[in-house]
Chemist: 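Quick one: structure below, then a few questions.
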Amino acid sequence: MRWSRYFWHTSKEDPADAEAPSHRLLIKGGFIKQVSSGIYEFTPPGVRVLRKVENIVRKEMDRSGAQEVLLTVLNPAELWKETGRWDLYGRELFTLKDRNGRDYCLGPTHEEEITDLVRSFVNSYRQLPIILYQIQVKFRDEKRSRFGLIRGREFIMKDAYSFDTDEMSAMFSYENMKFAYDRIFKKLRLKTLMVEASVGAIGGISSHEFVVLTDYGEARVAYCETCGYAANAEIVKLPKPQEEVEEEKPLQKVHTPNTDTIEKLSSYLNVPPQKIIKALLYIVEGNRPFLFLIRGDRNIDENKVEALLGTDNFRLAQEEEIWQLLRTKKGFVGPFNLPSHFKVYWDNSTYGIKNTVIALNEPDYHYVGANPGRDFSYGEFVDVCQVEDKDPCPKCGSPLKVSKGLELGHIFLLGTRYSQPMRAYYRDPQGEEKPIIMGCYGIGISRCISALVEQCHDDKGIKWPTPVAPFELDLICINTSDQEQKDVAEKLYTLALEYGIEAIYDDREESPGFKFADADLCGFPYRIVIGKKVKEGKVEIQNRHTGERWDADIEKAIQEVKVLIEEDKK
RNA sequence: CGGGGUGUAGCUCAGGUGGCAGAGCGUUGGCUUUGGGAGCCAAAGGCCGCAGGUUCAAGUCCUGCCACCCCGACCA
């Protein structure tokens, strides 16, 4: 490709509203352009990267025995009503009507449609198992799109679905996909971590996420470097700690004005937060009060609360509600003299605490030196505590590490959640009708591009791994008005194409510095610079990843680069 | 959906107390230059997010709306 004729436009300035490095560099490097919030166009070089990622995924999916299909973007509402998701999916679903007033949605995922496809052809156990997949655009009207391709409202996804006769066979399909995902992320040169994930309210059987550790992700991941345990933080169980051993001090009621937060109370009394019991009043389903008690230095993980309560319809009580229910203020809520309809849960973190500070539902007062058994009694213990760094690993007890993670893949053993309501049945060898056991497996293709940039960049720009680079080699002619240099550049460009190297020839009438800056920004793994040294029969080869540069004979340079590229792609 | 921020040239931004619409980069033409976003000269380029209002006069003040970004909530 000759750059002078190529539709590729980089920017010298950082884009004004891009924060995440991947978002900034993909826009600055001219790979994508924003059209609306969470909606991006791909330019020709952007498409080149996208296709490479897609093809790596496609190849490994094919290798696993999955078969590619292409479902529709425009989905009729009827299918979604069969599973109840037309109403359950909520406002995240983009919906529209046709000219006759019939309802449609833009597919956010395709369990319904694929199940419809399979049920219309599969009748017998002899036709199973089967795995189908597609690479296609998805639409989700996210409450908050952000960070460029990391969370878009329109994005490209590989979604696969497995269909099996029984759970044993389904587990096999699931394991098959797990291995395929491992290979895919290795080939993409993405350092992912496979973590156990929440099976969700739907009642799936097993679920794993493939995440990259980056600040620009939405998941919290806990992992153990000792035993290899890794899980989404929301499902990591925290046990009761050891009982504290301390002599019990007398109980005192202390005047503590203006201490509506743990920080203020802690500094007012000069007591560390972990010696305070924090009480949080939640309102469940609009009117049921639930009191959660947790150690003052810990936070509630609302995902755990949701799993405990079996509903996501809960929120912290407002100031007025606290007053109406308990005649006290925020910061002075405690487990004493509660009305009988209150449900009280003690987080494990409060177990065995001694000489603690605890509120008594009287504004501006706290108990100090309170002890369980003597001054208050525990009730039901639960685990709703947010996992933090150094919490014990549930497998081996070593300290866990907690990081933010970006979810690139999610595999899910679904069971009969979709096959049952949609009557996707098969006949077993005894002639009995049974629901197909399903699994679903997603990879965020466009999100992978962002993840690659997050993992491979420096302050000058992107450093694409060779297998996904838009071009493998950039040829830079320093002085375009020097005929000798130009001839060598042309010759090497033609030769590179003959060798099957994906090369871009920067033949633009620009200064050398301009071309170097673009080369760094756009992230080509290799660069050949044709400059003054052509008089000595030499050109310079540069490696974007290592920063190494060395002279090579004009005749041998392309061959040398070809070897390096092939090595990278192995 | 709550909180914060930003909308002025293609891009990045400046435009106290209301008084002629600005810069740098980019673009076009010309000359010079060629190993890290070159220099000089000239030119083009604007619904100041939209709609109302106040005023002799609004990019600037007031009201409403819209869009985008960030934090939070949410996230098969």
Side-chain angles (χ1 to χ4, degrees), chain A residues 9-20 23-24 27-28 30 33-39 80 83-85 88-93 107-112 138-148 150-153 155 157 159 161 197-204 207 209 216-220 232 234 302-303 305-306 312-316 318 406-407 410-412 414 417-418 438-442 444 460-461 476-482 485-486 506 508-522 527-534 539-540 542 549 551:
Chain A
H9 305 282
T10 60
S11 165
K12 198 164 159 181
E13 301 279 356
D14 277 335
D17 29 291
E19 179 125 328
H23 188 196
R24 179 168 51 81
I27 289 176
K28 192 178 179 185
K33 184 186 169 294
Q34 183 171 30
V35 174
S36 180
S37 181
I39 303 177
W80 287 77
T83 60
R85 287 212 293 180
L88 285 174
Y89 214 93
R91 299 216 295 149
E92 212 174 292
L93 199 62
T109 176
H110 285 79
E111 283 81 6
E112 280 80 359
K138 297 278 188 274
F139 294 86
R140 294 179 193 178
D141 197 357
E142 295 281 354
K143 283 177 183 118
R144 190 180 162 211
S145 49
R146 56 175 154 181
F147 302 145
I150 286 179
R151 169 167 300 228
R153 296 192 297 165
F155 60 98
M157 184 171 172
D159 46 325
Y161 306 89
S198 161
V199 290
I202 288 171
S207 176
E209 292 169 350
Y216 294 93
E218 75 278 33
R220 292 180 81 241
N232 191 310
E234 71 194 48
E302 294 197 348
N303 293 303
V305 175
E306 183 181 336
D312 62 354
N313 184 2
F314 60 87
R315 56 176 172 78
L316 273 173
Q318 319 256 320
L406 178 59
E407 179 186 331
H410 197 166
I411 61 177
F412 214 108
L414 291 169
R417 166 65 180 89
Y418 299 92
M438 288 175 60
C440 70
Y441 316 89
K460 288 179 179 165
I476 294 180
C477 181
I478 294 293
N479 187 349
T480 48
S481 47
D482 180 320
Q485 287 185 23
K486 218 171 166 179
D506 196 345
R508 294 174 297 177
E509 307 262 330
E510 295 287 354
S511 69
F514 185 97
K515 293 179 185 178
F516 288 136
D518 259 359
D520 289 336
L521 175 62
C522 299
R527 189 184 312 175
I528 292 180
V529 181
I530 300 106
K532 279 182 192 142
K533 287 184 200 146
V534 294
V539 290
E540 187 178 280
Q542 298 185 9
R549 48 181 68 185
D551 289 341

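Here is how names work: the chains are called A, B, and so on, in the same order as the sequence lines, proteins then strands, and each is numbered from 1. None of these values were measured; they are calculated from a predicted model.
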Chemist: Can you measure A:Met157 atom CE to B:rC75 atom C1' for me and round it to whole angstrom units?
Modeler: 13 Å

Chemist: Does the base of B:rU34 carry an N or O that pairs as donor and acceptor with the side chain of A:Ser481 under 3.5 Å?
Modeler: yes

Chemist: When all nucleic acid strands are considered with a 4.0 Å heavy-atom cut-off, which category describes A:Glu112: base, sugar-phosphate, or nothing?
Modeler: nothing

Chemist: Roughly, in whole Å, what's the span from NZ in A:Lys12 to P in B:rG26?
Modeler: 5 Å

Chemist: Distance criterion of 3.5 Å, no angle test: do you see the side chain of A:Glu510 paired donor-to-acceptor with the base of B:rG37?
Modeler: no

Chemist: Between B:rA76 atom P and A:Tyr161 atom OH, what is the distance in whole Å?
Modeler: 14 Å

Chemist: OP1 or OP2 of B:rC71 sitting under 4.0 Å from any side-chain N/O of A:Arg146?
Modeler: yes

Chemist: Between protein and nucleic acid, restricted to nucleotides 9-14 of chain B and to nitrogen or oxygen atoms under 3.5 Å apart, what atom pairs and distances do you find?
Modeler:
residue	atom	partner	partner atom	Å
B:rU12	OP1	A:Ala16	N	3.1

Chemist: Would you tell me if any nitrogen or oxygen in the side chain of A:Ser36 comes within less than 4.0 Å of OP1 or OP2 on B:rC68?
Modeler: yes

Chemist: With centres under 5.5 Å and planes under 30° as the test, does A:Phe514 stack with B:rG37?
Modeler: no

Chemist: Using heavy atoms to find the nearest nucleotide of RNA chain B for A:His410 and A:Phe147 separately, return the residue whose nucleotide is more 5′.
Modeler: A:Phe147

Chemist: Find which nucleotide of RNA chain B each of A:Cys440 and A:Ala517 is nearest to by heavy atoms, and output the residue with the more 5' nucleotide.
Modeler: A:Ala517

Chemist: Just compare B:rC68, B:rA76, B:rG35 and give me whichever is closest to any side-chain atom of A:Tyr89.
Modeler: B:rA76

Chemist: Identify whether any heavy atom of A:Thr480 sits under 4.0 Å from a base atom; if not, whether one sits that close to sugar-phosphate; answer base, sugar-phosphate or nothing.
Modeler: nothing

Chemist: Mind checking A:Gln34 for me? I need base, sugar-phosphate or nothing, with any heavy atom below 4.0 Å counting as a touch.
Modeler: sugar-phosphate

Chemist: B:rG35, B:rG37, B:rC75: which one has an atom nearest the side-chain heavy atoms of A:Asn303?
Modeler: B:rC75

Chemist: Which part of the nucleic acid, if any, lies within contact of A:Glu302, taking any heavy atom under 4.0 Å across all strands shown: a base, the sugar-phosphate backbone alone, or nothing?
Modeler: sugar-phosphate

Chemist: Say you pick atom P in B:rU55 and the same atom in B:rC71; how far apart are they, in whole Å?
Modeler: 43 Å

Chemist: Side-chain N or O of A:Arg144 versus OP1/OP2 of B:rC71: is the shortest distance under 4.0 Å?
Modeler: yes

Chemist: Over how many whole Å does the gap from A:Lys143 atom NZ to B:rG3 atom P extend?
Modeler: 17 Å

Chemist: Compare side-chain N and O positions of A:Thr109 against OP1 and OP2 of B:rA76 and report whether any pair is under 4.0 Å apart.
Modeler: no

Chemist: Between the base of B:rG35 and the side chain of A:Asn479, is there a donor and acceptor pair under 3.5 angstrom?
Modeler: no

Chemist: Can you identify which nucleotide, out of B:rU34, B:rC75, B:rC25, has its nearest atom closest to the A:Ile478 side chain?
Modeler: B:rU34

Chemist: As a check on the pairing definition, encode RNA chain B in dot-bracket form, counting Watson-Crick and G-U wobble pairs whose two distances are under 3.5 Å, and using | for partners outside this strand.
Modeler: (((((((..((((.....[..)))).((((((.....)))))).....(((((..]....))))))))))))....

